[in-house]
Amino acid sequence: MNYFLDPQFDPLTGILSEDESRHAIKSLRINVGDHLEIGNGRGTRYRCVVRTIGKHQLILAVENQVDTPTPKFRIAIALAPTKNVSRFEWFLEKATEMGVDDLIALESKRTERSRLNEGRLERIILSAAKQSQRSFLPIFHGIVPFGKITSESKNTRFIAHCDTNFARTPLHEILPAASENILMLIGPEGDFTPEEIETAYAAGFQGISIGSNRLRTETAGVYCAAMASNWK
């Protein structure tokens with residue numbers, strides 16, 4: 001069954017958003033009487049039948065509603081945007097598909113990009129959530145400074161870095177002991193500065209390593225997303 005994701009979907013009116021309707025009509029050749037599944041991105045999925053097809057709009061009748069239980073834990077990854085923004089976009093897409101709940105553009109001292117087209121990034125996340133048929137749409141928090149995220153976060157917190165002067169534990173060893181929301185920080189390709197690492201450790205972050213190979217920023221992000229989603 002074709003799955004659509006429309007955060008504004010109202011089961012009382014049955015009107016599918018214009019973007020999703022256009023995709024259904026032009027790309028999928030949906031017909032009256034066809035069945036669709038609509039997710040609102042907040043855990044509710046509706047099984048619907050197409051009643052009316054307009055030029056840019058589908059009107060649906062809801063036949064059944066299923067509420068997905070809220071996950072016990074949330075996974076948040078704060079990753080420094082890459083100079084080549086397509087790599088950061090790739091990370092957002094794959095992290096969404098893997099089940100990450102909160103996505104943050106981390107602004108650290110060595111971050112190479114301080115401006116983002118957040119509207120475009122949110123569309124990429126929405127598309128990936130639909131592709132992977134997620135019931136819960138991830139939250140994109142935009143650009144958050146390093147100092148703010150280290151001072152305000154209260155989750156089980158990890159910081160991935162390459163500085164061997166600081167104690168680190170392999171992620172696959174430390175992750176199974178986590179029992180609450182997880183936040184992981186991943187720095188730019190130049191890594192975090194020693195001062196930033198010290199600040200994070202003082203704030204209660206645990207240093208982690210993610211293998212012997214040195215990974216690109218976005219690759220490290222996807223690795224952490226896969227590990228954390230598998231634990232979840």
Side-chain angles (χ1 to χ4, degrees), residues 1-79 81 85-86 88-105 115-144 155 181-183 221-222 225 228-229 232:
M1 184 181 299
N2 289 308
Y3 180 69
F4 297 84
L5 192 55
D6 180 2
Q8 281 73 50
F9 182 73
D10 183 348
L12 297 179
T13 64
I15 299 173
L16 189 62
S17 71
E18 185 173 332
D19 286 345
E20 292 291 74
S21 292
R22 187 183 302 110
H23 176 64
I25 295 167
K26 294 186 176 181
S27 299
L28 301 178
R29 308 296 183 185
I30 294 296
N31 297 307
V32 172
D34 287 350
H35 285 85
L36 313 175
E37 190 170 29
I38 313 298
N40 67 359
R42 299 183 297 279
T44 301
R45 300 166 78 113
Y46 304 96
R47 181 186 172 91
C48 305
V49 61
V50 179
R51 276 191 171 178
T52 305
I53 299 178
K55 187 175 181 179
H56 302 295
Q57 188 178 78
L58 287 184
I59 299 180
L60 314 172
V62 176
E63 296 184 328
N64 188 32
Q65 174 180 326
V66 177
D67 294 313
T68 305
T70 302
K72 293 182 179 180
F73 310 116
R74 293 184 68 85
I75 299 170
I77 295 183
L79 183 139
V85 71
S86 65
F88 184 68
E89 293 173 351
W90 178 81
F91 158 72
L92 293 178
E93 179 183 77
K94 301 311 172 188
T96 297
E97 292 176 4
M98 291 178 185
V100 175
D101 303 291
D102 295 276
L103 295 160
I104 302 160
R115 293 184 180 181
L116 296 169
N117 183 340
E118 295 190 10
R120 172 178 167 81
L121 300 182
E122 288 172 350
R123 289 191 294 273
I124 288 172
I125 292 169
L126 179 63
S127 177
K130 182 172 69 171
Q131 170 68 32
S132 53
Q133 298 196 6
R134 289 192 58 169
S135 294
F136 292 91
L137 183 65
I139 298 173
F140 180 58
H141 297 267
I143 296 176
V144 179
N155 304 303
N181 296 341
I182 289 175
L183 168 65
V222 168
S229 297
K232 183 180 177 182

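Heavy atoms only: backbone and side chains are in, while hydrogens, waters and symmetry mates are out.
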Which distance, rounded to the nearest 0.5 Å, do you find between the [atom1] of [X] and the [atom2] of [Y]?
| X | Y | atom1 | atom2 | result |
| --- | --- | --- | --- | --- |
| Thr96 | Phe140 | OG1 | CZ | 10.0 Å |
| Phe4 | Leu58 | CZ | CG | 7.0 Å |
| Ile182 | Asp101 | CD1 | CG | 10.0 Å |
| Glu63 | His35 | CD | NE2 | 3.5 Å |
| Leu103 | Ile77 | CG | CD1 | 7.0 Å |
| Thr52 | Ile15 | OG1 | CD1 | 10.0 Å |

Closest heavy-atom pair and its distance - Ile30, Leu36:
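Answer, listing the atom of Ile30 first, then Leu36: CD1-CD2, 3.7 Å.
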For Ser21, the option from Ile59, Ile53, Leu16, Leu60 that meets side chain to side chain contact (heavy atoms under 4.5 Å, CB included):
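That would be Leu16.
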Identify, with sequence neighbours excluded, every residue that meets side-chain contact (heavy atoms from CB on, under 4.5 Å) alongside Arg42.
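side-chain contact (heavy atoms from CB on, under 4.5 Å) check on Arg42 returns Pro7, Asn40.
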Quick one: list whatever passes salt bridge (Lys or Arg N to Asp or Glu O under 4.0 Å) with Glu20, sequence neighbours left out.
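Salt bridge (Lys or Arg N to Asp or Glu O under 4.0 Å) check on Glu20 returns Lys130.
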Testing Asp67, Thr70, Thr68 one by one against Ser135 for a side-chain hydrogen bond (donor to acceptor under 3.5 Å, both in side chains), which residue passes?
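Running side-chain hydrogen bond (donor to acceptor under 3.5 Å, both in side chains) over Asp67, Thr70, Thr68 with Ser135 returns exactly one hit, Thr68.
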Got a sec: does the CD of Gln131 have more than 12 other heavy atoms crowding it under 6.0 Å?
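12 or below, so no.
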